[in-house]
Amino acid sequence: MLKNKPKTKILVDGGDPSETFRVKTLIGFVDGQTTNPSLVAKNPEIQRLVASGHRLSSQEERNEYRKIVQSISPLVGDAGVSIEVFADLGTRAEEMLAQGQEMFAWIPNAYIKYPCTHEGLRAAQMSVQKSIRVNMTLCFSQEQAAAVYAATKGAREPVYVSPFVGRLDDRGENGMDLVRNIKAMYARGDGHVHVLAASIRSVNHLLCSFALSAELATVPATVLDEWAATGFPMPDQDFRYRGLDAAGKVLKALAYKELDLNLPWESFDIAHELTTKGIQKFVADYQSTLKRSA
Ligand code: E4P
């Protein structure tokens with residue numbers, strides 16, 4: 001079991017309550033959990049239903065998702081359980097908000113995940129005005145993080161922004177640089193947005209998240225298993241993150257940009273190809289469990 005809890009809160013990135021329970025036993029605590037449509041589609045109960053030939057209706061899928069987060073909710077600490085709305089590229093903010101309001105009532109410690117798109121940001125802006133906690137997902141740029149900050153100013157509870165480290169690495173860009181740049185940019189802000197390092201693929205990503213003082217990191221159970229198996233190493237003063245891809249090639253550094261957090265959120269250029277691709281993948285994984293007409 002881990003003796004000294006890191007300052008960075010540790011969340012399990014998954015969709016299976018028994019896995020969360022196992023990690024909690026292994027580490028001694030779990031601060032929170034993130035889920036998404038792809039992870040929920042992989043939940044063993046949903047997989048069993050699909051394998052037996054039973055495709056779900058949208059309502060059944062939502063009921064399964066609710067049961068999953070209701071089982072996870074009491075297992076985790078104050079970082080809560082992030083629940084993602086079902087949104088495709090055409091979903092309007094009002095529809096995301098309606099889903100978010102329903103999901104927020106499922107458990108007492110919910111965070112609602114909206115994508116870092118124009119409509120997702122509008123939904124987040126309306127949500128924080130209604131005291132719905134939000135986690136802005138599929139963040140791939142400093143501009144998106146600046147827009148999250150500006151759109152949610154005045155939130156009474158911490159807002160999360162989730163830079164996707166691993167998916168940037170996958171295309172040769174140093175995802176940890178995005179975490180570093182957002183942290184540096186927010187250092188000039190009021191602290192209402194917390195950085196949640198996501199799409200973590202390795203213990204090295206986790207240690208770098210600690211070293212960069214990310215407020216939170218969401219980590220697959222397999223990576224937490226590896227961290228535990230190696231005796232829960234922590235980064236020391238000399239920790240140097242080596243941004244390398246799987247083949248050992250140096251990842252492209254992401255330069256810091258001077259952005260003014262006081263500008264209106266609509267003024268930031270938030271388009272990012274990986275956000276679009278991420279939404280399309282979530283939709284495909286979600287639909288893979290559904291009846292054709294659902
Ligand atoms: C968590 O909120 C994210 O959905 C998750 O970390 C994405 O990870 P992936 O890039 O491995 O799918």
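For ligands, and for the atoms within them, numbers begin at 1 and follow the listed sequence.
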Trainee: Are any non-hydrogen side-chain atoms of E94 and M126 less than 4.5 angstrom apart?
Mentor: yes
Trainee: Write out the residue and atom name of the closest protein heavy atom to atom 8 (O) of ligand 1, then the distance separating them to 0.1 Å.
Mentor: S199 CA, 3.5 Å
Trainee: Regarding K67 and E64, does a basic nitrogen lie under 4.0 Å from an acidic carboxylate oxygen?
Mentor: yes
Trainee: For F86, run the ring-ring contact (aromatic ring centres under 6.0 Å, His included) check against F282, Y286, Y114 and tell me which one passes.
Mentor: Y286
Trainee: Return the closest protein heavy atom for atom 2 (O) of ligand 1 as residue, atom name and distance.
Mentor: K113 NZ, 2.7 Å
Trainee: Identify the protein heavy atom lying closest to atom 12 (O) of ligand 1, giving its residue, its atom name and the separation to 0.1 Å.
Mentor: R167 NH2, 2.8 Å
Trainee: What's the shortest distance from atom 6 (O) of ligand 1 to any protein heavy atom, and which residue and atom give it?
Mentor: D13 OD2, 2.6 Å
Trainee: In terms of residue, atom name and distance, what is the protein heavy atom nearest to atom 4 (O) of ligand 1?
Mentor: N36 ND2, 2.7 Å
Trainee: Between E215 and K7, is the closest basic N to carboxylate O distance under 4.0 Å?
Mentor: no
Trainee: In this structure, which one of T218, D78, V30, L196 forms a side chain to side chain contact (heavy atoms under 4.5 Å, CB included) with K9?
Mentor: D78
Trainee: Does R201, backbone or side chain, put an N or O under 3.5 Å from an N or O of ligand 1?
Mentor: yes
Trainee: Enumerate the atoms of ligand 1 whose separation from the nearest heavy atom of F164 is less than 4.0 angstrom.
Mentor: 3 (C), 4 (O), 7 (C)
Trainee: Decide if atom NZ of K42 counts as having more than 12 heavy atoms of other residues, nucleotides or ligands within a radius under 6.0 Å.
Mentor: no
